[in-house]
Engineer: 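Got a structure for you, questions after.
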There are 2 protein chains.
Amino acid sequence: MLTKSTSEQDKQELRARIMEVARDLFVQKGIDAVTMREIAKRIGYSATSIYLYFADKQALLREICESDFAAMASHIKVILEIADAEKRLIAISDSYAKFALMYPNHYQLMYMTPHARYGISVDDEYKNNLEKDAYFQLRTVVNAVFLEGKFRKEWNDVDLIAQTLWAGIHGVCALQITMPKEDWINWRPVEHRLQMMQTLLKLGLTER
Amino acid sequence: MLTKSTSEQDKQELRARIMEVARDLFVQKGIDAVTMREIAKRIGYSATSIYLYFADKQALLREICESDFAAMASHIKVILEIADAEKRLIAISDSYAKFALMYPNHYQLMYMTPHARYGISVDDEYKNNLEKDAYFQLRTVVNAVFLEGKFRKEWNDVDLIAQTLWAGIHGVCALQITMPKEDWINWRPVEHRLQMMQTLLKLGLTER
DNA sequence: ACTGTTAACTTAACAATGTTAAGTTAACGG
DNA sequence: CCGTTAACTTAACATTGTTAAGTTAACAGT
């Protein structure tokens with residue numbers, strides 16, 4: 001406002017700042033509860049300035065989502081270094097859940113918001129990419145364990161296995177985020193629920 | 001509009017009609033995308049008339065949710081007649097998933113919307129009630145199976161078991177609803193994923 | 001049949017929202 | 001130092017949830 005972001009770098013920085021502030025607000029108050037004017041005030045510009053950097057609110061949201069998908073994948077990526085495939089699988093599941101519960105609102109944007117409704121569509125760059133696609137990471141690890149012959153014979157569809165594992169962890173996290181303390185349910189600690197889910201899935205997959 | 005709803009019965013009917021129409025719109029377009037004026041137009045009254053029957057949009061939403069919780073519980077209730085406890089458990093899980101996938105938008109309102117954010121809080125009448133509380137129904141059946149000694153010894157916390165089972169089924173359904181066809185995931189049919197989830201959980205819970 | 005009274009309903013209005021169009025002004029090139 | 005352009009702002013619009021102020025339908029009593 002005092003000075004204009006004229007250089008390419010300044011513009012990129014301002015763009016990034018808008019995304020940061022917007023994500024914080026989205027995450028804190030919900031997408032529809034955040035106004036463009038509020039975002040603008042926080043970055044010290046007028047509301048309409050945002051439209052110089054993003055086509056509209058939806059586009060802003062979409063970019064935030066994409067960047068969060070990447071953040072999650074990079075959060076998980078270190079796991080892929082682990083040598084033992086089975087340990088890798090446990091670790092990736094832990095890591096996924098940890099991300100979900102540490103950043104519940106990011107997670108909500110990414111995996112609990114009906115994408116079609118908000119016009120979210122992920123760029124191709126994020127698909128089937130070990131760096132940027134968390135599902136692909138999981139599938140890859142599941143495949144490694146599968147190739148080592150660690151699963152019961154009846155489980156021979158790697159995609160099906162990965163998707164079921166995903167659903168299990170997602171279910172625990174999503175319920176925790178949606179109904180964190182509905183008093184009529186005698187909730188057990190989310191860590192216990194996660195632990196149990198992992199154990200059940202593992203027993204079902206591997207024990208003979 | 002031509003005639004006024006003066007008798008108690010007329011008023012109740014109009015109230016119910018508002019809820020019906022509003023639910024249809026909510027599930028079809030999302031809560032925030034539906035305007036009071038749109039609901040009003042469909043019932044043939046002015047927008048402000050809705051406020052004669054519901055305090056505000058949030059209150060309307062809350063009542064719809066409550067009524068849907070009851071609908072689900074009643075959908076599940078017939079299951080409780082099944083004599084064999086283990087079969088009852090399978091059936092309740094099938095029935096839950098069936099409801100979720102048959103009425104994805106109801107389900108979304110009920111179990112995938114952060115309740116706090118929309119000020120949803122369920123009336124006491126729906127809690128710990130075998131007629132109206134689906135979680136309580138599940139917990140009851142889990143308890144019956146537990147008392148028959150069908151679970152492995154290490155699983156001795158009935159709430160924990162029920163919550164983990166719930167999370168498993170919920171995870172499959174919720175992912176299906178949120179990302180029904182994201183093309184970069186090689187989705188297996190949701191029926192297969194459900195089947196596998198149930199099998200894994202059962203193996204983990206019962207097999208020695 | 002008329003007339004109040006009341007409760008059901010409508011219209012008008014408000015502040016707030018996303019977004020566009022029209023103005024300003026800062027910065028850089030000459 | 002001036003003119004052009006791109007960055008930014010102000011003004012404005014249609015739409016939203018909601019409230020306040022009006023209208024009118026229905027029923028009760030004469």
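Only a predicted model underlies this, so the values are computations on that prediction, with no experimental measurement involved. Chain letters run A, B, ... following the sequence lines, proteins first and then strands; every chain starts at 1.
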Engineer: Out of C/dG18, C/dA27, D/dT9, which has the shortest distance to the side chain of A/Met36?
Structural biologist: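 So the side chain of A/Met36 is nearest to C/dG18.
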
Engineer: How is B/Tyr53 classified with respect to the nucleic acid when contacts are heavy atoms under 4.0 Å: base, sugar-phosphate, or nothing?
Structural biologist: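 Here B/Tyr53 touches the backbone only, sparing every base.
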
Engineer: Take atom CD of A/Glu13 and atom C1' of D/dA7, then tell me their distance rounded to the nearest Å.
Structural biologist: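 After rounding, the gap between these two atoms is 16 Å.
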
Engineer: What nucleic acid atoms does B/Ser5 come within less than 4.0 Å of, heavy atoms only: base, sugar-phosphate, or nothing?
Structural biologist: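 Here B/Ser5 touches the backbone only, sparing every base.
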
Engineer: Once hydrogens and angles are ignored, does a donor-acceptor distance under 3.5 Å link the base of D/dT18 to the side chain of B/Thr48?
Structural biologist: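 No such pair is found, so the answer is no.
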
Engineer: Could you tell me how far apart A/Ile50 (CD1) and D/dA7 (C1') are, to the nearest whole angstrom?
Structural biologist: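 Distance, rounded to whole Å: 15 Å.
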
Engineer: By nearest heavy atom, map A/Tyr45 and A/Arg37 onto DNA chain D; which one lands nearer the 5' end?
Structural biologist: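 Nearest-nucleotide comparison on DNA chain D picks A/Tyr45.
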
Engineer: Evaluate the ring pair (Phe, Tyr, Trp, His ring centres under 6.0 Å) criterion for residues A/Phe69 and A/Tyr111: first the C-alpha distance (whole Å), next the side-chain angles of each, then the deciding distance (0.1 Å), finally the verdict.
Structural biologist: CA-CA 10 Å; A/Phe69 276 111; A/Tyr111 295 112; 5.4 Å; yes

Engineer: Taking only the side-chain heavy atoms of B/Ser49 (C-beta and beyond), determine which of D/dT10, C/dC9, D/dA26 contains the nearest atom.
Structural biologist: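 So the side chain of B/Ser49 is nearest to C/dC9.
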
Engineer: Roughly, in whole Å, what's the span from CG in B/Leu61 to C1' in D/dG17?
Structural biologist: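 Between C1' of D/dG17 and CG of B/Leu61: 14 Å.
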
Engineer: Take B/Thr6 and A/Ala47, find for each the nucleotide of DNA chain D with the closest heavy atom, and name the residue whose nucleotide sits nearer the 5' end.
Structural biologist: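 Its nucleotide being nearer the 5' end, the pick is A/Ala47.
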
Engineer: I need the NZ-P distance between B/Lys41 and D/dG17, as an integer number of Å.
Structural biologist: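 Between P of D/dG17 and NZ of B/Lys41: 13 Å.
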
Engineer: Contact class for A/Thr35 vs. all strands (heavy atom < 4.0 Å): base, sugar-phosphate, or nothing?
Structural biologist: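 Since only primed, P, OP1 and OP2 atoms lie under 4.0 Å of A/Thr35, the category is sugar-phosphate.
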
Engineer: Choose from C/dT19, C/dA8, D/dC8 the nucleotide whose nearest atom is closest to any side-chain atom of A/Lys57.
Structural biologist: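 Nearest to the side chain of A/Lys57 among the choices is C/dT19.
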
Engineer: Around atom OH of A/Tyr103, are there more than 12 heavy atoms of other residues, nucleotides or ligands at under 6.0 Å?
Structural biologist: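 Incorrect, the count does not exceed 12.
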
Engineer: Between B/Phe54 (CZ) and D/dT19 (P), how many Å, whole number?
Structural biologist: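 To the nearest whole Å, that distance equals 16 Å.
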
Engineer: Does C/dA8 have OP1 or OP2 under 4.0 Å away from a side-chain N or O of B/Lys11?
Structural biologist: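 For B/Lys11, the contact criterion (side-chain N or O under 4.0 Å from OP1 or OP2 of C/dA8) is met.
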
Engineer: In whole angstrom, give the distance that lies between atom CD of A/Glu8 and atom C1' of C/dC28.
Structural biologist: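 Going from CD in A/Glu8 over to C1' in C/dC28 covers 16 Å.
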
Engineer: Consider only side-chain N and O atoms of A/Asp94 and A/Gln198, and report whether a donor and an acceptor are under 3.5 Å apart.
Structural biologist: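 Yes, side-chain donor-acceptor contact under 3.5 Å.
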
Engineer: Do A/Gln163 and A/Arg139 pair up side chain to side chain, a donor and an acceptor below 3.5 Å, judged on atom types alone?
Structural biologist: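 Checked: A/Gln163/A/Arg139 side chains show no N/O donor-acceptor pair below 3.5 Å.
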
Engineer: By nearest atom, which of the nucleotides D/dA11, C/dG18, D/dT19 is closest to the A/Tyr51 side chain?
Structural biologist: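 Per side-chain heavy atoms of A/Tyr51, the pick is C/dG18.
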
Engineer: Please list every donor-acceptor pair under 3.5 Å in which a side-chain atom of residues 13-20 of chain B meets a protein atom from a residue at least two apart or in another chain.
Structural biologist:
| residue | atom | partner | partner atom | Å |
| --- | --- | --- | --- | --- |
| B/Glu13 | OE2 | B/Gln9 | NE2 | 3.1 |
| B/Arg15 | NH1 | B/Tyr53 | O | 2.8 |
| B/Arg15 | NH2 | B/Glu63 | OE1 | 2.6 |
| B/Arg15 | NH2 | B/Glu63 | OE2 | 2.4 |
| B/Arg17 | NH2 | B/Ile43 | O | 3.0 |

Engineer: In whole Å, I'd like the distance from the NZ atom of B/Lys29 to the P atom of D/dT15.
Structural biologist: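 Spelled out: NZ on B/Lys29 to P on D/dT15 is 13 Å.
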
